[in-house]
Amino acid sequence: GSGQTSSSSAPKVGLITKTETNPFFVKMKEGAQKAAQENGMELMSAAGKFDGDNASQVTAIENMVAAGVKGILITPSDTKAIVPSIKKARDAGVMVIALDTPTEPQEATDALFATDNLKAGELIGQYAKAAMAGKPAKIATLDLAPGITVGQLRHDGFLKGFGIQEGDPSVVCSQDTRGDQAKGQTAMENCLQKAPDINLVYTINEPAALGAYTALKAKGREKDVLIVSVDGGCTGVKAVQSGQIAATSQQYPLKMAEDGVKAVSEFAKSGKKTSGYTDTGVTLITDKPVQGVEAKDTAFGLDNCWG
Amino acid sequence: MTTPASATPVLQARGLVKKYGHVTALDGADFDLMPGEVLAVIGDNGAGKSSLIKALTGALQPDAGEILLDGSPVRFRSPIDARRHGIETVYQDLAVAASLDIATNMFLGRELRKPGILGSVFRLLDKKRMREESARHMADLKIGLRSLTQPVESLSGGQRQGVAVARAVAWATHVVVMDEPTAALGVKESGQVLDMIKRVRDGGTPVVLISHNMPHVFEIADRVHIQRLGRRVAQIKPGDHDMAEVVAIMTGALQVSEGKAVVADQDAAEAIGLS
Amino acid sequence: MTTPASATPVLQARGLVKKYGHVTALDGADFDLMPGEVLAVIGDNGAGKSSLIKALTGALQPDAGEILLDGSPVRFRSPIDARRHGIETVYQDLAVAASLDIATNMFLGRELRKPGILGSVFRLLDKKRMREESARHMADLKIGLRSLTQPVESLSGGQRQGVAVARAVAWATHVVVMDEPTAALGVKESGQVLDMIKRVRDGGTPVVLISHNMPHVFEIADRVHIQRLGRRVAQIKPGDHDMAEVVAIMTGALQVSEGKAVVADQDAAEAIGLS
Amino acid sequence: MAVMEATLPRRLITTPVAGPLAALVLACLFFGLNTGQFFTGPNFSLIIQQVMVVGTLAIGQTLIILTAGIDLSNGAIMAFGGIVMTKLAVTGGLPPLLAIAAGLAVCSAFGLVNGLLVTRISLPPFIVTLGMLNVVFALTHIYSGEQTVTGLPPLLTVLGQTFQVGQTNVTYGSLLTILLFVLFAYMLGSTAWGKHVYALGNSPEVARLTGIRTRRLTVGVYTVAGLVYGIAALLLISRTGVGDPQAGQTDNLDSITAVVLGGTSLFGGRGLVIGTLVGALIVGVFRNGLQLMGVPSIYQTLITGVLVILAVAVDQLSRRRNR
Amino acid sequence: MAVMEATLPRRLITTPVAGPLAALVLACLFFGLNTGQFFTGPNFSLIIQQVMVVGTLAIGQTLIILTAGIDLSNGAIMAFGGIVMTKLAVTGGLPPLLAIAAGLAVCSAFGLVNGLLVTRISLPPFIVTLGMLNVVFALTHIYSGEQTVTGLPPLLTVLGQTFQVGQTNVTYGSLLTILLFVLFAYMLGSTAWGKHVYALGNSPEVARLTGIRTRRLTVGVYTVAGLVYGIAALLLISRTGVGDPQAGQTDNLDSITAVVLGGTSLFGGRGLVIGTLVGALIVGVFRNGLQLMGVPSIYQTLITGVLVILAVAVDQLSRRRNR
Ligand SMILES: Nc1ncnc2c1ncn2[C@@H]1O[C@H](COP(=O)(O)OP(=O)(O)OP(=O)(O)O)[C@@H](O)[C@H]1O
Ligand SMILES: Nc1ncnc2c1ncn2[C@@H]1O[C@H](COP(=O)(O)OP(=O)(O)OP(=O)(O)O)[C@@H](O)[C@H]1O
Ligand SMILES: [Mg+2]
Ligand SMILES: [Mg+2]
């Protein structure tokens, strides 16, 4: 049935994100769309129903291979579980590039364009350590959800940067938020009820951070608690600028997607596959820099933010 | 056909047809209810009695045929339409809401509100008055109940039937239709319902009564509509025929022509002891 | 008390009590069913007739009292227990499964399987045979049905009742209990059910019949159990009393002592024309 | 005829809310004994704030479940309503009150469409609202462009302001939620409309034969529910201070949980809206209490599962004893 | 007495599966006309592979819904079963067949517990399985330590192997799914057990009075459903090649959707398991077809919502015409 003319004859590239609603992935799709247009390609997109939804991503890969894509860009929801399906796609001659999150093993895809989430966590951990300036820390961590790799990496990175182990007594409250602002607020409220003297809050992303800020503000504690986060969305950077969040690690989804589409376009034209790991970078954004941790200010952050 | 030509029928139907898939429930049924009479509708199970009165009271839309009220054609799109014309019905399948109490059921769709601003603006129900009036109506029917705040689902079958009957009688102004109202009632309660029917008739409101109980029918009916295979096969006066003859007509053994019964099915007639 | 001392009762109960919250449905009820008889149970609505037979057939666990089958105490934990002892019941609330067809309902819980490996290993139902046997049973009762594959919910009330009766009669070996089996039936069908009851009795199986229809009771019952306010107030033979007297006992106007009726409530007795 | 009225103590035991209430009290006692911070005014104020959004959604859900329906789209409708209100007020430049009115209207309209689909084409409510969930979810994300709306005018978040009761700060939103429960308890229990809703849930056929305009009533119920979801949207905005397109994604099941924990039958016709409040509080108390006890998230999920079953089991067993 | 049997054409029109089937055929025609890749053997094989997991879960869901229950825990039970099978085989060192047996047993056990809670304490199935969903979800994450299990022995994924039919590769898993549907169509339609399930769904009281052991039957249905979820776990493993603790989180609603799209009543007692297969295929065809047409995913969600409503509407309207 390839003789059908109704669909365009332009080479196709597929983009599969974790969810279809997170601004991070929406930005990624925008970047891919723009790059696809520039390179004369047709973009197909699909997404899981929730963070961690492997089955929908498998289905999307199958359908895209059936639709005859040249390459697939994927942010794997489950870094291990997706590997067999990626292998099938590659066996069918499709180039597969992981975006944002590496598969396990990383070689399962042809290439990886990503931010190091562990490093992102580490940066804010280091920042927090320095900013606390030796004050005894009482930490709340507002995490993602059980078993989601990104959340785990950022959390681990933060602890590492802060120089403590999992289970350290200075972490007095840990709660899952699914990266949701309302749930972040509820979690912070309950943490404060439990340990009113919390003075440092790590959050999985900026919506959760803003939820935490709202909860702190209701208690009049917003001035003396340090909130650090990861993501670098425009709303988040603005919150850094206005002082609600102390610092955030900024990532670059647009760039990942643009580079990915270009690589597929190149492959479609020349048959040459990209390979290896391309770090699309992570930058600490804060207006209150500390000694020994490299950072850019919010002006830079706003120029480069997404969402 | 023996329709009395004396007056305009209160409720009348011509050629009603209703099909359910391949089952024909009504097959060109006619119907006439005269002013101030008790009309019994009898017939075998499945003869289409319930379907007929459902069609007459808006609970069912006939596929064909017309209905006339006081001589003028009407169309009842729903039971509310019929009710607006003062036609009240006790359906065979007990139109009571199981989890609500007796008083609420009595007043369902016509609730009383408190007087004054509480009722008009705040729409507050006058539960006390509704309970008292229900108690009065139930007492009229002498249906014994231990509590009016019990949900209807905890009543015995007969008590539940009593609630439905009391409800219809309380509200009817034009016609009362009852589909086997005494089927589940005890002797005493049946007697009360029959008395109530007489009282309604004596008040000038005609009553349609579906019943399988021939003694009841002969005791109370002014005329009898005999339904068979989805059609009216005869209209008789109880005085003109005895019970065995009526049963024979119902089962098709006899046929009525010009007001006299003639044998239609020799075997069937013999089988029931007529010849 | 006028229990005949001739033989061991087939089914017997002593002092059954059942309370629903603050309503006492059974208040120390006794019950005796003798071999080979048709015993009618009568009483006002809410007198506890259905509760009594539910307790006797395992559908309800009494709070107190004992049940004896052929003289030995039994406990029926569920309707299946009673059924295992050959006691079949038609409950007042129609024990039929609405979305299943007639044949399936007739055989529910005792399905026939195909002969051979198809039946024993693959548990394949013998639908054809079940349909044929159902048709036979229904024909015995002369209940007219247009299709046996129709779901029961599309039947008229009477037809549905017919299915439940046919089912009980087909399976009973020890006792048949029927709670108002003819309440929704037409004259012809009621007659068939009464005939069927006689035939069952003549085959040696005793029958318990709850009914509000006094002519039916007097036509068929060998003895009558009169229930009032959750208790048996009398056991009589229809020949010994006339209908008015029986009704008077039922309503509490008369009391039976040493087999003779005596006036208990002068007012009530006068009200119904006895004095 | 002796008309016996149930006495008050008797009614208290037999009311369907007794079981859930017992479960709630037990849970409170348990957490009170196990964590020092639980039995404080501010903590209770907090719990009410945390359950007010789902609780308000559950009011609409209760109405619909009482008619033997179910609504899977309520969280999505709320999210859309929130985006409409905030976007119109912030980027649309509409006066805040108008923006709120528009949001409430949009939510009611979605409820209306649900109701029309259920009645006009006789579709099962489960399917209608499942389809609507997807449609509204997509519309929310398309309309919002995935952007969280910030910088709200103060009027939009006024319900988040607090007033003092003794030592405790209570938000106006909490108060509004309680008032809504009282209002709907009144409407269901003491008006003809409420009785009709119960009758409809018992049996649509019986309700129709009794002369209730069942279609109109059903459409009305879904529309009122939609309006209530709009109010929930306003409560959510006032609580978080932003318009969030990601909001409400698990609120459909959460609200159903609250309704069922409150003793309302999923088969319609039986239940009380006050039970729903109790049900919502049970969930809120569990979550808050477990958090205060420092139980890790995944074990909280485990325990919540067990407790949800236990709460309803206590209810069931207590009713059985009363039989 | 005239016993009239329905003729075959008549039965085809009046069967409750006619509507869903018409919707499925329409959808296929639409996508066939709009994308070239749709009407190919491999694509159909793909669609069946994509729906086999949810389809198999929906078999168990159908059984439970026929008894007027509902199961929100099926996806979670499947995920746990998958982890048990893979972990025991990979890190536990159990022979693969034993590991599979253990997984099936665990899933059946969860079904059994659901059934016991529903019957012994008369809890509403919605609440039981909602609680169980949380419990099993938590257990899955605790037991797996959040780790996806990889490096499976070949026997665990043998159902993912294919055989040729003409030009098309069909997986053994697809075949097994079809066989399961045939098996349960037989069991529901042609055995006493099946008739009892329908009777139970019509009215538990009637079923009890008719002498059906309703409790035992209900427990049996939930247990069998659990076993079927275990098979779904095996199918999922063979499809993705790993044991995934995140699996199945939306499969409860998806399986209910398939059941309802297939024409089964959520009030129990009415429906066919073959309808469920059609319902699952409808969802699969929509997703596949829209993807092939290159519709962006948020619009896919939108369209799926509309189409779910439309599919059931077509069914309803066609039935009305037949009245
Ligand atoms: N909803 C329905 N669907 C299909 N068939 C129906 C339906 N309602 C009635 N019928 C059929 O129409 C015929 C007439 O039914 P109807 O209830 O009017 O009879 P009836 O005279 O009231 O019987 P009964 O004395 O038993 O109440 C019956 O054969 C019945 O099976
Ligand atoms: N499940 C129940 N819950 C509460 N009360 C009940 C229940 N079942 C019966 N009752 C009450 O018990 C009493 C006896 O009821 P029962 O059904 O045994 O009477 P009955 O003699 O069969 O009446 P009828 O002739 O009307 O069928 C009635 O007052 C009834 O309201
Ligand atoms: Mg009838
Ligand atoms: Mg009774």
Side-chain angles (χ1 to χ4, degrees), chain C residues 54 57-60 78-84 88-91 93-105 107-114 118-119 122-127 130-132 134-136 138-153 164 167 171, chain E residues 1-8 10-11 14-16 65-68 119 182-218 220 224 263-272 319 322-323:
Chain C
K54 277 194 181 160
T57 57
L60 177 158
S78 78
I80 307 163
D81 282 354
R83 189 156 298 187
R84 265 214 213 92
E88 283 292 323
T89 314
V90 178
Y91 293 99
D93 30 17
L94 301 177
V96 289
S99 80
L100 299 177
D101 65 26
I102 295 166
T104 309
N105 263 293
F107 283 84
L108 207 55
R110 322 176 153 90
E111 289 77 3
L112 300 180
R113 294 205 294 261
K114 289 253 189 217
L118 276 178
F122 294 102
R123 330 281 298 171
L124 183 62
L125 291 179
D126 196 341
K127 291 187 190 171
M130 292 198 289
R131 217 144 46 211
E132 283 164 5
S134 304
R136 199 162 48 70
M138 300 299 288
D140 282 355
L141 274 172
K142 300 220 170 60
I143 292 175
L145 288 173
R146 303 183 196 184
S147 157
L148 275 182
T149 54
Q150 229 175 316
V152 167
E153 62 197 333
R167 184 188 141 83
W171 295 109
Chain E
M1 184 185 43
V3 174
M4 202 162 85
E5 298 302 323
T7 57
L8 189 67
R10 166 111 236 139
R11 282 178 71 179
T14 54
T15 168
I65 288 179
L66 279 178
T67 70
T119 52
V182 171
L183 173 68
F184 278 94
Y186 177 84
M187 283 177 62
L188 283 172
S190 300
T191 73
W193 181 82
K195 298 296 176 189
H196 294 182
V197 170
Y198 282 97
L200 178 65
N202 272 307
S203 156
E205 182 62 11
V206 162
R208 192 179 72 88
L209 291 178
T210 327
I212 293 172
R213 294 168 196 285
T214 49
R215 285 184 173 195
R216 190 198 281 187
L217 180 63
T218 308
V224 169
T264 294
S265 161
L266 279 171
F267 292 94
R270 284 145 233 270
L272 296 174
R319 273 190 229 186
N322 263 312
R323 280 258 165 107

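Naming: A, B, ... by sequence-line order, numbering from 1 per chain.
- In this structure, E:Y198 has its ring center at least 6.0 angstrom away from the ring center of E:W193.
- Proximity to chain E is absent for every atom of C:S78, based on heavy atoms less than 4.5 angstrom apart.
- Heavy-atom neighbours of E:R216 CZ from other residues, nucleotides or ligands within 6.0 Å: at or below the threshold of 12.
- For C:F122, the parts sitting under 4.5 Å from any heavy atom of chain E are the backbone and the side chain alike.
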Walk me through whether C:R83 and C:E88 qualify under salt bridge (charged side-chain N to carboxylate O under 4.0 Å, His left out).
CA-CA 6 Å; C:R83 189 156 298 187; C:E88 283 292 323; 3.5 Å; yes
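- Salt-bridge check for C:E111 with C:K127: failed, with every basic side-chain N at 4.0 Å or more from each acidic carboxylate O.
- With rounding to the nearest 0.5 Å, the separation of CG in C:L100 from OG1 in C:T149 is 12.5 Å.
- Heavy-atom distances place no part of C:R113 under 4.5 Å from chain E, backbone and side chain included.
- Using a 4.5 Å cut-off between heavy atoms, E:S203 makes no contact with chain C at all.
- Among C:G58, C:G109, C:A82, the residue making the largest number of heavy-atom pairs under 4.5 Å with chain E is C:G109.
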